[in-house]
Structure formats: C-alpha cells, structure tokens
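Below: one structure, written as structure tokens.
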Amino acid sequence: MITDARVLQPEFIPSEVKHRDAEVNTLSSVLRPLTDGVRADPAFLYGPSGTGKTCIAQFTVERLRQEVVDVNYQYVNCWEDYSRFKTLYTILDGINNTIDIHRQSTPKDVLLDRLKDYTGPPYVVILDEVDQLQDKSLLYDLYRVKDLTMLLIANKETEVFAEIDDRLTSRLTTATRIHFDHYSRSELTTILNDRVQWGLVPNIIDQERLNLIAAKAAGDARIAIGILRNAARHAHGNSLDEIPTDVIRDVVPETKSEIQQQTIDRLTDHQQTLYDIITDHGTIEPQALYDEYQERVTDPKTKRTVRNHLSKLEHYNLIGSEGNTKGRIYRALT
DNA sequence: GGTCCACCGGAAAACTCGGGCC
DNA sequence: GGCCCGAGTTTTCCGGTGGACC
C-alpha cells in the first residue's frame with residue numbers, strides 16, 4: 001500500500017511545491033544577490049504551524065544551490081538548539097568547523113570568532129522557531145557576520161521583534177517579511193493528492209476522502225499529511241485494499257495527539273509532572289499545583305524554577321493561564 | 001486610600017557537570 | 001587526581017502588580 005514512506009514524513013521536502021508560488025518568488029528575489037556571490041538581506045517567514053514556512057525556506061535554498069550557485073546552508077531548529085552555544089555550534093557544524101570544539105569547555109566567544117573568520121561561499125542559515133532563542137542578541141551578532149544570510153522563521157512576528165534590542169530592530173525593519181496563511185481546504189487536497197501519487201499505490205483513496213482529511217486538518221498541512229500517513233498505515237495493517245472513511249475519522253484524534261505528544265516527549269521529568277498535574281485537574285491554582293508537585297517528585301525544585309517550567313509549557317501551547325497575580329489559574333488546553 | 005498577601009518575572013549569584021591540562 | 005574553566009541549570013533576592021480586606 002505504501003510505496004514510498006518518506007513522502008509521508010513531515011520533514012520531506014518535495015521537488016515542487018504547490019500554492020506557495022508568491023512566497024517562493026519573494027524569497028527567491030531576496031536570495032538573488034547570492035547568485036553574484038554577495039550575501040542577501042535577512043528574510044522573516046511567519047505564520048501559523050503547518051503552513052509550509054520551513055518547507056518553503058528549505059525548498060528555495062535547495063533549488064538555488066542546484067540551479068546556480070555555490071552556497072553553503074544550514075538548518076537550525078532553535079527549539080532544540082535554543083542556547084547561544086548550541087545555535088553557534090550547529091551553524092559552525094554546517095561549514096565543518098567544529099572538529100576541536102568541546103561542548104563543555106569551549107567559550108562561546110571562540111565560536112563566534114570562528115564564524116566571523118569564515119571565508120567561503122555565501123552561507124545561508126535557516127533559524128527555525130527563532131522565537132525560542134534564549135539570547136536574541138545572537139541575531140545581532142549573526143547579522144554582523146560577513147557572507148552570512150539569515151532566514152528567520154517563527155509563528156508570530158511579535159514574538160521575535162518584541163524581544164530584540166533597538167540595534168537589530170532597526171536593521172531587521174528592512175528585512176523582507178513573508179506571511180504564510182493557513183491552506184484552504186482545496187489547497188490541502190491538492191497537496192495530499194501529490195503525496196498519494198508519490199507515496200501510495202494507485203486508487204486506494206478517492207477525492208472525497210482526501211477532502212475529508214483536508215477538512216479535519218483545518219488548514220494545517222502537517223496534520224493533513226499525518227492523518228493520511230496514519231490512515232494508510234492502519235489500512236495496511238488491516239490488509240485493506242483502500243483507505244475507508246471510518247479509518248480516516250478514527251485516526252484524526254490519534255494524529256493530533258501524536259503531534260502534541262512529540263512536544264511532551266521533549267519535556268524534562270519535572271516539566272512532565274507539572275503538565276500531568278494540570279491535565280489531571282483541568283484547572284488549578286499555583287499553590288495547589290506546587291503542593292501536588294512536591295508530593296509527586298522526590299527532589300522538588302523551588303517555586304521560581306517551577307514558574308520557569310510553567311512559562312515554558314505555556315510557550316509550547318501545552319497549557320494556558322488566566323489572571324496575572326493573585327487570581328492566577330493554570331489550565332490544560334486539551 | 002492604605003495594607004497585606006500571593007504571584008510573576010528579571011537579574012545575579014550559586015551550583016552542577018563535563019572536559020582540558022598539568 | 002586535583003584544579004581550572006565554561007555552559008547550563010537552579011536558587012535567591014527583589015521590585016512590580018493586582019485582588020482582598022479594613
């Protein structure tokens with residue numbers, strides 16, 4: 001049933017993209033100076049999850065590299081590499097310059113100096129989920145690195161620009177902003193059609209069922225492809241010749257919770273405990289939350305650390321909160 | 001309006017951990 | 001093995017905020 005599982009994976013970069021011509025063209029124009037060996041101005045791609053920001057950034061840079069120029073490029077997920085050190089390390093790794101760098105004993109300044117000394121073809125760095133960067137001043141330092149082009153990706157424009165200082169703000173005001181909207185239902189259906197053609201045997205799903213998947217995904221391509229993947233697996237596991245409607249309906253909640261679970265899995269034990277308590281209660285006050293947290297773990301952290309964990313959970317959209325001071329309530333989002 | 005209290009979050013200090021060096 | 005260094009994490013301190021109460 002599945003002929004090529006890769007095309008159903010979220011990280012798959014297709015050889016052609018649909019419904020993002022304007023965005024691809026704008027980004028291509030921004031990157032045009034690279035064809036002359038000159039670095040390009042930064043670009044800022046923003047919009048909700050599953051709207052193709054990362055895919056388009058990688059696709060456009062890859063196409064540029066294939067078609068015309070000698071360009072180095074590196075993708076950095078700032079969710080995982082959120083510290084200044086980790087981000088710099090990954091960027092240096094993209095130009096094979098980390099051989100004698102030790103994660104615990106090399107000063108951060110050494111990493112930046114080494115990046116500044118880089119002499120090679122233009123270097124494009126995609127900073128995905130850039131709002132997760134702990135130290136936004138790194139963007140200013142990267143901006144000053146000769147031959148380095150930054151593509152910044154985030155969900156909300158304000159989450160990035162609210163936290164950066166005036167030096168960088170004044171420079172980034174000239175950055176090209178590319179907004180990504182949710183896909184329409186028909187756009188998602190076309191995207192799914194391609195994935196079916198590339199990765200599944202013919203005639204196992206009809207247009208009506210693809211429309212159903214698109215409707216369930218509510219404009220999010222990542223969810224749509226996830227539903228298709230899980231439905232295909234389920235049908236294959238049950239030796240079915242096609243993907244029936246009830247299987248699609250069955251895998252929708254599973255797919256959505258699967259995506260959320262990927263976030264939860266990245267939490268530390270203490271963060272998971274806090275998340276579990278809030279989920280168990282639905283809503284809970286800070287003191288009651290801390291009391292139960294102390295009961296559930298053997299080595300409880302201080303209230304201040306717990307507050308840091310909670311703000312992280314909130315930032316990941318795993319929990320919500322209401323009220324600012326005394327009447328504060330934490331609540332589960334599912 | 002004044003006071004108390006619970007809570008938040010920034011800043012800085014303290015601590016932990018891992019690697020290099022002698 | 002002991003010391004030093006640096007990154008990351010946690011703790012401490014403290015000012016600010018807003019609701020409750022008098």
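For the numbers below, each heavy atom of this structure counts, side chains included, while hydrogens, waters and symmetry mates do not. All chains are named by letter (A, B, ...) in the order of the sequence lines, taking the proteins before the strands, and each is independently numbered beginning at 1.
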**Study point:** Lys NZ or Arg CZ of A/Lys116 over A/Tyr118 ring: under 6.0 Å, within 45°
**Key:** no
Check your understanding: Between A/Leu133 (CG) and C/dG8 (P), how many Å, whole number?
Key -> 12 Å
Practice item. Give a yes/no verdict on a cation-pi contact between A/Arg307 and A/Tyr290, requiring under 6.0 Å between NZ or CZ and the six-membered ring centre and an angle within 45° of the axis. Key: no
Check your understanding: For every nucleotide of nucleotides 9-15 of chain C, 5' to 3': is a protein heavy atom under 4.0 Å from its base (B), only from its sugar-phosphate (S), or from neither (-)?
Key -> SSBBB--
**Study point:** Rounded distance in Å - CG (A/Leu313) to P (B/dG9)
**Key:** 13 Å
Check your understanding: Rounded to the Å, how far apart are A/Glu285 CD and C/dG18 P?
Key -> 19 Å
Check your understanding: Which class fits the ring pair A/Tyr183 and A/His19: parallel under 30°, tilted 30 to 60°, perpendicular over 60°?
Key -> perpendicular
Review point. Once you round it to whole Å, what is the distance between C1' of C/dA7 and CZ of A/Arg84?
Key: 13 Å
Practice item. Decide whether a cation-pi geometry holds between A/Arg39 and A/Tyr143; the criteria are a distance under 6.0 Å from NZ or CZ to the six-membered ring centre and an angle within 45° of the ring axis. Key: yes
Check your understanding: Quick one: A/Leu310 CG to B/dG10 C1', roughly how many Å, whole number?
Key -> 17 Å
For a quick test of your reading: what N or O donor-acceptor pairs under 3.5 Å do the side chains of residues 239-246 of chain A make, sequence neighbours left out?
from     : atom 1 : to       : atom 2 : distance (Å)
A/Glu242 : OE2    : A/Arg209 : NH1    : 3.4

Point to revise | Spacing of A/Lys326 atom NZ relative to C/dG19 atom P, expressed in whole Å | key: 11 Å
Revision key, fill the gap. Between OH of A/Tyr89 and P of B/dG19 the distance, given in whole Å, is 12 Å
Revision key, fill the gap. Value for CD1 (A/Ile91) from OH (A/Tyr75), rounded to nearest 0.5 Å, stands at 13.0 Å
Exercise for review: Would you kindly give the CZ-to-P distance between A/Phe85 and B/dG19, to the nearest whole Å?
Suggested key: 12 Å
Practice item. Please check the phosphate of B/dC7 (OP1 and OP2 only) for any side-chain N or O of A/Gln287 closer than 4.0 Å. Key: yes
